[in-house]
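For reference, the structure is listed below as structure tokens.
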Amino acid sequence: MIPKADNASSRREFIKFAGLSALGLTVSELSFACVSGANELLVYVGTYTTGKSEGIYLYHLNLASGELKRVATTKGVTNPSFLTLAPNRRYLYAVNEVEDFAGRKSGAVSAFAVDQRTGNLRLLNQQASLGANPCYVDVDASGRFVLIANYSGGNVTVLPIQRDGSLGEATDMKQYQGSSINRDRQEASHAHCIVLDPTNQFAYSCDLGADKIMIFRFDARSGKLLAGTPPWVQVKPGSGPRHLAFHSSGKFVFILNELHSMVTAFERNPEKGSLKELQTLTSLPKDFTGTNTGADIHVSPNGRFLLLFEPGHDSIAIFKIDPHSGALTALGHESTRGMTPRNFAIDPTGAFCWWLIKSPTA
């Protein structure tokens with residue numbers, strides 16, 4: 001399925017895909033909510049509202065045919081560019097990717113109640129993210145905290161979830177400091193994601209600006225991020241780590257390096273949370289000579305394949321995962337049939353993969 005995004009002018013003004021899910025299932029990168037039909041899922045799509053987009057779009061996905069049907073729109077929310085659902089499926093959280101909020105240099109996070117019959121959203125409240133241009137949000141397994149990555153702010157923040165699903169003031173914020181060799185994109189730290197591991201004990205964050213994967217112990221009682229041992233791992237200078245994905249076993253972590261179009265596989269120590277690099281591979285064909293960046297990364301539900309988005313080459317790179325060693329083997333590329341793909345998702349059954357693009361090709 002290839003939905004078409006609205007036209008936009010800047011690098012970050014693209015529709016982003018937030019998540020989907022099915023009753024009784026949980027996947028770390030995706031969020032789930034049930035609908036009335038056993039063969040249907042709800043799909044929430046976040047957008048940038050600087051163009052024609054109106055907010056958060058709700059679709060029904062038919063698992064038999066792969067058809068997406070738009071059923072509702074939540075209007076009046078600014079730049080809800082990345083979304084996630086709480087583990088109980090009753091609440092949805094969206095970043096508001098802006099530089100100024102309530103008179104301070106900060107973006108925001110919006111909390112919504114999810115109508116359990118229709119899937120429609122009702123705004124509960126908004127809370128400052130404590131950093132400009134938040135671009136990623138995750139919810140911990142207990143459903144008590146949301147974790148935010150602020151791209152321009154170069155920091156990550158933890159907000160508590162109240163009993164009614166609304167958000168309280170931050171319980172923690174960690175400011176990154178660093179830079180790297182790409183003067184246009186790495187003049188300072190840029191937190192591009194923060195993701196909790198399957199055990200809810202560790203959080204990992206990609207600092208695109210400093211070429212680091214930050215490692216934290218997560219205190220699920222207090223909502224505090226504690227420096228890991230070690231507190232980070234370094235990737236090759238200029239790589240620009242953007243997003244990460246866990247293998248279903250929890251033993252391996254795969255990093256999408258946006259600026260070098262590379263993927264790095266790490267072995268993870270489940271007790272210490274530390275990462276050991278296994279290999280780094282190009283995600284592009286050998287004969288490609290154009291300009292490309294990396295955009296998104298997901299592991300297939302069965303844990304056998306890793307998929308990466310390639311804006312520029314306009315393809316999905318496909319790798320086979322060795323379940324014992326975590327080693328990757330390149331299998332090839334699938335055209336996205338459109339220009340500048342941004343985010344994609346795989347449905348929980350593994351039957352469908354679809355994505356959002358800036359514009360289709362002829």
Side-chain angles (χ1 to χ4, degrees), residues 18-19 26-31 82-87 93 95 107 109 127 129-131 134-151 153-161 167-178 189-235 241-256 264 266-277 297-299:
T26 55
V27 178
S28 59
E29 290 83 4
L30 304 181
S31 311
F82 202 90
L83 321 175
T84 192
L85 284 159
Y93 301 96
V95 302
V109 186
Q127 196 66 249
S129 67
L130 304 188
C135 61
Y136 200 98
V137 57
D138 197 12
V139 181
D140 87 298
S142 72
R144 296 182 57 213
F145 299 97
V146 299
L147 287 75
I148 317 299
N150 295 298
Y151 181 84
N155 58 28
V156 293
T157 307
V158 184
L159 303 177
I161 298 174
L167 295 170
E169 294 186 358
T171 57
D172 204 0
M173 187 273 279
K174 299 298 182 186
Q175 182 67 49
Y176 300 164
Q177 298 289 341
S189 284
H190 294 298
H192 217 309
C193 73
I194 183 164
V195 187
L196 285 156
D197 81 321
T199 70
N200 210 50
Q201 298 181 66
F202 296 95
Y204 299 83
S205 175
C206 291
D207 183 347
L208 182 146
D211 290 319
K212 291 179 179 178
I213 313 303
M214 309 300 293
I215 305 172
F216 300 99
R217 285 187 176 272
F218 178 63
D219 187 334
R221 294 173 297 179
S222 65
K224 298 291 186 181
L225 294 169
L226 310 174
T229 308
W232 68 75
V233 293
Q234 197 89 36
V235 294
R242 177 185 174 99
H243 283 181
L244 63 87
F246 288 97
H247 187 259
S248 53
S249 68
K251 296 190 299 182
F252 310 110
V253 179
F254 306 102
I255 307 297
L256 171 69
T264 301
F266 286 93
E267 182 180 15
R268 193 176 77 94
N269 183 311
E271 286 77 34
K272 298 181 179 180
S274 57
L275 300 177
K276 178 184 178 182
E277 184 175 343
I297 183 169
H298 293 289
V299 174

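We count residues from 1, following the sequence as given.
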Checklist entry - For Asp219 and Asp172, what are the C-alpha separation, side-chain angles and deciding distance, and is it a side chain to side chain contact (heavy atoms under 4.5 Å, CB included)? => result CA-CA 11 Å; Asp219 187 334; Asp172 204 0; over 6 Å; no

Next on the checklist: side chain to side chain contact (heavy atoms under 4.5 Å, CB included) for Tyr176 and Ser205? Distances and angles first, verdict last.
Outcome noted: CA-CA 10 Å; Tyr176 300 164; Ser205 175; 2.9 Å; yes

Item to check | Residues Tyr204, Asp197; criterion side chain to side chain contact (heavy atoms under 4.5 Å, CB included); working and verdict | outcome: CA-CA 8 Å; Tyr204 299 83; Asp197 81 321; 4.0 Å; yes

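Counting only heavy atoms from C-beta outward, the side chains of Ile148 and Tyr93 never approach each other to under 4.5 Å. A 4.5 Å side-chain heavy-atom check between Tyr136 and His192 finds every atom pair outside the cut-off. Counting heavy atoms from C-beta on, the side chains of Phe218 and Leu147 come closer than 4.5 Å. Put simply, the side chain of Ser222 does not reach to within 4.5 Å of the side chain of Thr171, judged on heavy atoms. Under the 4.5 Å side-chain criterion, counting only non-hydrogen atoms from C-beta, Arg217 is in contact with Phe202.
Of the options Leu244, Ile255, Val253, Asn269, a side-chain contact (heavy atoms from CB on, under 4.5 Å) to Leu275 is made by Val253 and by none of the others. Applying side-chain contact (heavy atoms from CB on, under 4.5 Å) to Cys206 and the options Val235, Leu256, Ile213, Val195 leaves one that passes, Ile213. No option in Val137, Leu130, Leu167 other than Leu167 meets the side-chain contact (heavy atoms from CB on, under 4.5 Å) test with Leu159.
The aromatic rings of His243 and Phe82 lie perpendicular to each other, with more than 60° between the two planes, well past the 30° mark.
Across every non-hydrogen atom of Ser129 and Pro134, the tightest pair is OG-CG, 3.7 Å.
With Asp207 contributing its side chain and Ser189 its backbone, the two residues share no donor-acceptor pair below 3.5 Å.
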